[in-house]
Amino acid sequence: MRPDTVFDPMMQHERTALAWERTAIASMVSGTLLARRAGDLHVSLAALGVVQVVLGAALLIWTGLRYEQLHAPLRRGESPVHPFAVQFIGITTVVFSGAAMVIAIASTLA
Amino acid sequence: MTPTPDHDRNMNQPDEPPPPARPLERWFPRDPTTVGDDPDYRFTLANERTFLAWVRTALALSAGGLLALTVLDDVRGEEFLGIGLLVISFLTAATAYRRWALNERAMRLNTPLPPSRLPLLMAIGVAIVALVAALIAALN
């Protein structure tokens, strides 16, 4: 017996959650490479990459938990938007890619 | 002025002239959820997925640049490749949030989405990087 209504039409919420998870994984990969490259310049700078990995992992966990929590509001018809998460990933990506750029230029000039 | 029923409103017509964005706001947009009405959540989520795709592109470029710097140690000119990729990554990341905020603002105010030069700049940047990589391969 098929359901009459679907609480996630066109799988929008699931696709958005998957996009968040893909982004978190990409952040972890990039953080690993940043840790490796920054560690070549100075061992303490590897912490930058490690922080990016940890933030990516936290984002991955947040996405999974949030999608679970969404089921009740979605059935009630509420609109799930997360501008804070967008600002968070936007700012952290700018900061870490800027740090990678600076480290690359600094290690070339050194 | 009699209020128009919802089903008669043309969704493409703006409700009112949008408040002019101050020049600083065009570069550092405020939280767009403070203006206008909630759009259909499907558009908001589509905008969010587009933003995340740009962020993934920036992260992939950054990973490529870091990889080039780390692995290609004996190759002459590898710093240009690595730094070039990292610069493109930074510019993409910096522009992605602005794109998301401007699109969200336009959807909430029922105005046309602002045009984006980001795909064109991305194509040009990656083409330049590919040329640099070809040059490096030829010189080694």
Begin from the C-alpha positions of B:Leu59 and A:Val29 and carry the test side-chain contact (heavy atoms from CB on, under 4.5 Å) through to its verdict. CA-CA 8 Å; B:Leu59 288 170; A:Val29 168; over 6 Å; no
A:Thr93 and B:Tyr97: CA distance, side-chain angles, deciding distance, side-chain contact (heavy atoms from CB on, under 4.5 Å) verdict: CA-CA 10 Å; A:Thr93 304; B:Tyr97 175 76; over 6 Å; no
Run B:Leu85 and A:Met101 through side-chain contact (heavy atoms from CB on, under 4.5 Å) and show every step you take. CA-CA 9 Å; B:Leu85 280 169; A:Met101 190 176 63; over 6 Å; no
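With a 4.5 Å cut-off on non-hydrogen atoms, A:Arg22 touches chain B through its backbone and its side chain both.
Comparing A:Ser107, A:Ser27, A:Gly31 by heavy-atom pairs within less than 4.5 Å of chain B, the highest count is held by A:Ser27. With chain A as the partner, the residue from B:Leu91, B:Leu66, B:Leu67 showing the most heavy-atom pairs under 4.5 Å is B:Leu66. Of the listed residues B:Gly82, B:Ser89, B:Ala96, the one with more heavy-atom pairs under 4.5 angstrom with chain A than any other is B:Ser89.
In the hydrophobic clustering of ILVMFWY residues, with side-chain heavy atoms under 4.5 Å counting as a link, B:Leu135 and B:Val75 come out apart. Follow the hydrophobic side-chain contacts under 4.5 Å out from A:Leu59 and you never reach A:Ile91; the two are in separate clusters. Side-chain heavy atoms closer than 4.5 Å link hydrophobic residues (I, L, V, M, F, W, Y) into clusters, and following such links, possibly through other members, connects B:Val129 to B:Leu72. Both B:Ile83 and A:Leu33 belong to a single network of hydrophobic side chains, linked directly or stepwise wherever heavy atoms of I, L, V, M, F, W or Y lie under 4.5 Å apart. The hydrophobic cluster containing B:Leu86 does not contain A:Val95, counting ILVMFWY residues as joined when their side-chain heavy atoms lie under 4.5 angstrom apart, directly or transitively.
Between the CG atom in B:Leu52 and the CG atom in A:Leu18 there is a gap of 11.0 Å [rounded to 0.5 Å]. Between the CH2 atom in A:Trp20 and the CD atom in B:Glu48 there is a gap of 5.5 Å [rounded to 0.5 Å]. Between the CZ atom in B:Phe80 and the OG1 atom in A:Thr108 there is a gap of 8.5 Å [rounded to 0.5 Å]. In this structure, A:Gln12 CD and B:Phe43 CZ are separated by 9.0 Å, a value rounded to the nearest 0.5 Å.
Residues A:Ala19 and B:Arg56 approach most closely at O-NH1, 3.3 Å, considering heavy atoms. Nearest heavy atom pair, residue B:Leu69 against residue A:Ala104, reads CD1-CB, 3.3 Å.
Here the side chains of B:Phe90 and A:Val94 are in contact, with some heavy-atom distance below 4.5 Å.
For the residue pair B:Thr70/A:Arg36, the side-chain donor-acceptor check at 3.5 Å is not satisfied. Using modelled atom types and a 3.5 Å distance limit, the side chains of A:Ser97 and B:Ser62 yield no donor-acceptor pair.
Residue-environment remark: CZ (B:Arg42) stays at or below the threshold of 12 foreign heavy atoms within 6.0 Å.
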